[in-house]
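Below is one structure, written out as structure tokens, with a few remarks after it.
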Amino acid sequence: MNKEKVIFAFFIVLALTLNFGFFIGDLTDPEHHNVFEFFAALVVSLICTVIKFGDRTHLGALMLATSLVVDLQLIVAAGIWGYAEHISGTGMDPSTMSSIISLSGGALLANIISVVLLVVETALLRR
């Protein structure tokens with residue numbers, strides 16, 4: 001068993017599950033979406049991106065691209081959340097929360113693509 005591959009797969013699946021856990025819930029209710037889970041999803045996604053820099057294969061490039069998409073969407077969502085909570089005078093409203101969840105949904109889709117690519121890569125290594 002290759003420890004590097006296990007760690008690689010662990011972080012990819014962890015990023016997916018954390019993002020999924022944050023995404024599930026009422027679209028406009030901030031009580032259904034934990035800020036710490038969102039932060040964990042963002043940090044794990046950034047760790048995944050760093051890990052994916054070492055892969056020089058074509059599938060590795062696709063996985064890096066999906067990871068960069070996740071990072072971009074989660075960073076923009078974090079910026080919106082920070083602006084709503086700390087800069088704007090209105091605070092978190094349903095419209096803002098739905099924007100954050102929508103960006104998280106896009107990141108979730110990119111995470112799913114990344115896991116599918118991981119499974120494809122694993123299937124190709126068996127042959």
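Not measured: the values here are computed from a predicted model. Just so it is clear, the values below take in all heavy atoms, side chains as well, and ignore hydrogens, waters and symmetry mates.
- Proximity of Lys52 to Phe8: side-chain heavy atoms (C-beta onward) are separated by under 4.5 Å at one or more points.
- One hydrophobic cluster, built from ILVMFWY side chains closer than 4.5 Å, cannot hold both Tyr83 and Met97; they sit in different ones.
- Looking only at side-chain heavy atoms (C-beta outward), His33 and Ile101 come within less than 4.5 Å of each other.
- Residues Leu103 and Ile80 form a side-chain contact, since some pair of their non-hydrogen atoms from C-beta on lies under 4.5 Å apart.
- For the pair Asn19/Ser104, a side-chain contact is recorded, criterion being any heavy-atom separation below 4.5 Å from C-beta on.
- Summarising the geometry, atom CG belonging to Asp55 is positioned 3.5 Å from atom OG1 belonging to Thr57; distances are rounded to the nearest 0.5 Å.
- Each of Phe10, Phe11, Phe39 was checked for a side chain to side chain contact (heavy atoms under 4.5 Å, CB included) with Val44, and the lone residue meeting it is Phe11.
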* Report the C-alpha separation of Asn111 and Thr66 in whole Å, then their side-chain angles, then the decisive distance to 0.1 Å, and conclude whether the side chain to side chain contact (heavy atoms under 4.5 Å, CB included) test is met. => CA-CA 7 Å; Asn111 276 334; Thr66 60; over 6 Å; no

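- By the rule that hydrophobic residues join a cluster once side-chain heavy atoms approach within less than 4.5 Å of another member, Leu117 and Leu68 end up as members of separate clusters.
- Contact record, Cys48 with Ala15: SG-CB, 4.0 Å, taken as the closest heavy-atom pair.
- Cluster annotation: Leu124 and Leu64 are assigned to distinct hydrophobic clusters (Ile/Leu/Val/Met/Phe/Trp/Tyr, side-chain heavy-atom contacts under 4.5 Å, transitive).
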* Asked: For Thr122 and Lys5, what are the C-alpha separation, side-chain angles and deciding distance, and is it a side chain to side chain donor-acceptor pair (under 3.5 Å)?
  -> CA-CA 10 Å; Thr122 303; Lys5 291 289 184 183; over 6 Å; no

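- Residues Leu46 and Asp71 have side chains in contact (heavy-atom distance under 4.5 Å, counting atoms from C-beta outward).
- The CG atom of Asn34 sits 11.0 Å away from atom CG of Leu18, with the distance rounded to the nearest 0.5 Å.
- Residues satisfying the side-chain hydrogen bond (donor to acceptor under 3.5 Å, both in side chains) criterion with Asp93, sequence neighbours excluded, are Thr96.
- Using modelled atom types, no side-chain atom of Ser114 and backbone atom of Ala110 make a donor-acceptor pair closer than 3.5 Å.
- Criterion: ILVMFWY side-chain heavy atoms under 4.5 Å apart, direct or through other members. Under it, Phe36 and Ile75 are part of a common hydrophobic cluster.
- Annotation: side chain of Gln73 is not in contact with side chain of Leu42 (no heavy-atom distance under 4.5 Å).
- Across all non-hydrogen atoms, the minimal contact from Ile12 to Met63 is CD1-CE, 3.4 Å.
- Remark: the backbone N or O of Val13 is paired with a side-chain donor or acceptor of Thr17 at under 3.5 angstrom.
- With sequence neighbours excluded, the residues satisfying ring pair (Phe, Tyr, Trp, His ring centres under 6.0 Å) with Phe38 are Phe22, Trp81.
- Following chains of ILVMFWY side-chain contacts shorter than 4.5 Å, one can reach Ile113 starting from Val120, so the two form part of one hydrophobic cluster.
- Here CD1 of Ile100 is found 11.0 Å from CG of Leu74. Values are rounded to the nearest 0.5 Å.
- The backbone N or O of Phe23 sits nowhere less than 3.5 Å from a side-chain atom of His32 that would complete a donor-acceptor pair.
- With a 4.5 Å cut-off on side-chain heavy atoms, Asp26 and Glu31 do not count as touching.
- Of all heavy-atom pairs between Ser88 and Gly91, the closest is OG-N, 3.6 Å.
- Between Ile51 and Glu4, the closest side-chain pair of non-hydrogen atoms is not below 4.5 Å.
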